[in-house]
Amino acid sequence: MNLPHLSKRESRILSFTGLTVILALSYNFLFEPLIKKWKDLNSAIISKQIKLEKSHRIIEEKPIILKSYNSYYPFLKTKGNNEEEMRLFLGQIEELSKKNNVSIKEIKPGRIEDKKLYKEFSCNIEIEAEISDISKFLYELTKPPYLLKTKRFELRAKGGKDSFLKGSLLITKLTLI
């Protein structure tokens with residue numbers, strides 16, 4: 001580049017500056033977006049590969065999963081409308097409490113939540129019992145045929161004996177639709 005009013009040195013500095021500006025702009029607006037897009041695509045490919053491998057493992061374990069599902073399905077299938085199901089749910093809790101010497105002082109049916117594949121029934125109960133009986137009661141809740149879940153659990157000492165406790169529980173049950 002030869003401009004008549006610039007010296008040779010100024011002309012070189014101007015050329016170098018122009019080249020630097022062109023390289024900086026091409027890096028910022030051409031190369032960097034391409035590199036970012038390439039990295040994003042690579043990370044997307046890696047995440048899809050991980051999902052594919054996980055799905056493949058699940059497909060390989062399909063017979064085991066189906067066997068487990070079929071063993072629990074009779075306990076989780078809906079046995080009637082919401083009122084009948086809630087009555088059965090509360091009956092299971094009462095039956096289990098009598099079996100484990102746990103005294104139910106108050107039982108309040110909770111709400112019924114409709115999800116896509118299942119319904120969740122809940123109830124609040126107030127109990128009193130020895131600590132060993134409460135632990136057996138809680139253990140039995142989670143085993144078949146009950147398969148219940150304790151979502152909230154509060155215990156406090158009741159006057160008198162040290163091992164006699166009063167508690168409040170939120171228990172839920174899932175049924176498949």
Side-chain angles (χ1 to χ4, degrees), residues 36 39-177:
K36 184 181 183 306
K39 286 181 180 179
D40 290 345
L41 288 174
N42 274 346
S43 65
I45 289 170
I46 290 170
S47 70
K48 298 285 184 193
Q49 283 177 332
I50 291 170
K51 285 181 182 178
L52 186 62
E53 289 171 7
K54 185 176 180 182
S55 297
H56 190 279
R57 271 187 265 126
I58 290 173
I59 289 172
E60 286 177 348
E61 296 176 5
K62 182 180 177 181
I64 297 167
I65 293 169
L66 285 175
K67 183 179 177 186
S68 178
Y69 174 82
N70 289 332
S71 69
Y72 286 110
Y73 181 73
F75 306 115
L76 297 174
K77 70 179 179 182
T78 304
K79 295 169 182 75
N81 62 25
N82 288 349
E83 290 79 26
E84 291 172 5
E85 197 65 46
M86 182 62 83
R87 183 181 51 77
L88 290 171
F89 170 48
L90 298 175
Q92 287 177 329
I93 294 172
E94 288 176 1
E95 171 191 333
L96 195 57
S97 68
K98 288 176 185 171
K99 180 178 162 187
N100 289 293
N101 300 321
V102 173
S103 172
I104 295 180
K105 295 301 177 188
E106 184 177 3
I107 188 164
K108 295 179 195 172
R111 60 182 186 197
I112 301 168
E113 291 185 42
D114 272 326
K115 307 289 184 177
K116 281 186 177 181
L117 299 173
Y118 63 92
K119 290 182 183 181
E120 184 177 57
F121 296 83
S122 64
C123 75
N124 290 303
I125 62 171
E126 301 287 328
I127 59 172
E128 289 181 357
E130 297 280 330
I131 192 159
S132 60
D133 294 333
I134 292 175
S135 66
K136 283 191 284 185
F137 173 71
L138 292 173
Y139 176 71
E140 293 288 326
L141 277 174
T142 60
K143 291 182 4 183
Y146 304 108
L147 297 174
L148 304 176
K149 182 177 179 183
T150 305
K151 284 201 170 181
R152 183 177 41 84
F153 178 63
E154 298 171 9
L155 278 180
R156 54 201 166 279
K158 186 176 180 189
K161 289 181 161 180
D162 289 338
S163 64
F164 202 75
L165 302 172
K166 211 175 172 181
S168 172
L169 290 92
L170 173 64
I171 300 174
T172 61
K173 176 183 181 177
L174 299 180
T175 59
L176 299 175
I177 296 176

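Values in this document were obtained by computation on a predicted structure and should not be read as measured data.
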Closest approach of [X] and [Y], non-hydrogen atoms and distance?
| X | Y | value |
| --- | --- | --- |
| Pro74 | Lys79 | O-NZ, 3.6 Å |
| Pro109 | Cys123 | CA-CB, 4.0 Å |
| Phe137 | Ile93 | CE1-O, 4.0 Å |
| Ile59 | Pro63 | O-CD, 4.5 Å |
| Arg152 | Asn124 | NH2-OD1, 2.7 Å |
| Leu138 | Thr150 | CD2-OG1, 3.8 Å |

Quick check on Ile131: does its CD1 atom have over 12 non-hydrogen neighbours (other residues, nucleotides or ligands) under 6.0 Å away?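 Not buried by this count: 12 neighbours or fewer within 6.0 Å.
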Heavy-atom neighbours of Arg111 CZ exceed 12 at 6.0 Å: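 No, CZ of Arg111 has 12 or fewer neighbouring heavy atoms, counting only those of other groups under 6.0 Å.
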Main-chain N/O of [Y] paired with [X] side-chain donor or acceptor, under 3.5 Å:
| X | Y | answer |
| --- | --- | --- |
| Ser135 | Ser132 | yes |
| Thr78 | Leu176 | yes |
| Ser55 | Lys51 | yes |

Spatial distance of atom [atom1] ([X]) from atom [atom2] ([Y]) [nearest 0.5 Å]:
| X | Y | atom1 | atom2 | value |
| --- | --- | --- | --- | --- |
| Glu106 | Glu128 | CD | CD | 11.5 Å |
| Phe121 | Leu90 | CZ | CG | 10.0 Å |
| Leu141 | Lys136 | CG | NZ | 13.5 Å |
| Lys48 | Ile50 | NZ | CD1 | 12.0 Å |
| Glu85 | Arg87 | CD | CZ | 9.5 Å |
| Lys119 | Leu76 | NZ | CG | 14.5 Å |

Could you check whether Arg156 pairs with Glu126 (Lys NZ or Arg NE/NH1/NH2 to Asp/Glu carboxylate O, under 4.0 Å)?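 Looking at Glu126 together with Arg156, the answer is yes, because their closest N to O distance falls below 4.0 Å.
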Are Glu140 and Lys143 within salt-bridge range, i.e. N to O under 4.0 Å?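 Yes, this pair counts.
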Could you tell me whether the side chain of Glu84 reaches within less than 4.5 Å of the side chain of Asn81, counting heavy atoms only?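 Side chain of Asn81 against side chain of Glu84, heavy atoms only: contact under 4.5 Å found.
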Can you tell me which residue among Ile171, Leu170, Leu148, Ile112 is in a side-chain contact (heavy atoms from CB on, under 4.5 Å) with Ser122?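 The passing option is Leu170.
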How would you list, by chain and number, every residue that makes a side-chain contact (heavy atoms from CB on, under 4.5 Å) with Pro144, sequence neighbours excluded?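 Here the qualifying residues are Tyr72, Phe75, Leu147.
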Run the side chain to side chain contact (heavy atoms under 4.5 Å, CB included) test on Gln92 and Lys173 for me, step by step, so that the C-alpha distance in whole Å, both residues' side-chain angles and the decisive distance to 0.1 Å come before the verdict. CA-CA 10 Å; Gln92 287 177 329; Lys173 176 183 181 177; 3.4 Å; yes
Is there a side chain to side chain contact (heavy atoms under 4.5 Å, CB included) between Thr175 and Phe89 once you walk through the steps? CA-CA 10 Å; Thr175 59; Phe89 170 48; over 6 Å; no
Full working for side chain to side chain contact (heavy atoms under 4.5 Å, CB included) between Glu130 and Asn101: CA-CA 8 Å; Glu130 297 280 330; Asn101 300 321; over 6 Å; no
Using salt bridge (Lys or Arg N to Asp or Glu O under 4.0 Å), reason through Glu60 and Arg57 one step at a time and then give a plain yes or no. CA-CA 5 Å; Glu60 286 177 348; Arg57 271 187 265 126; over 6 Å; no
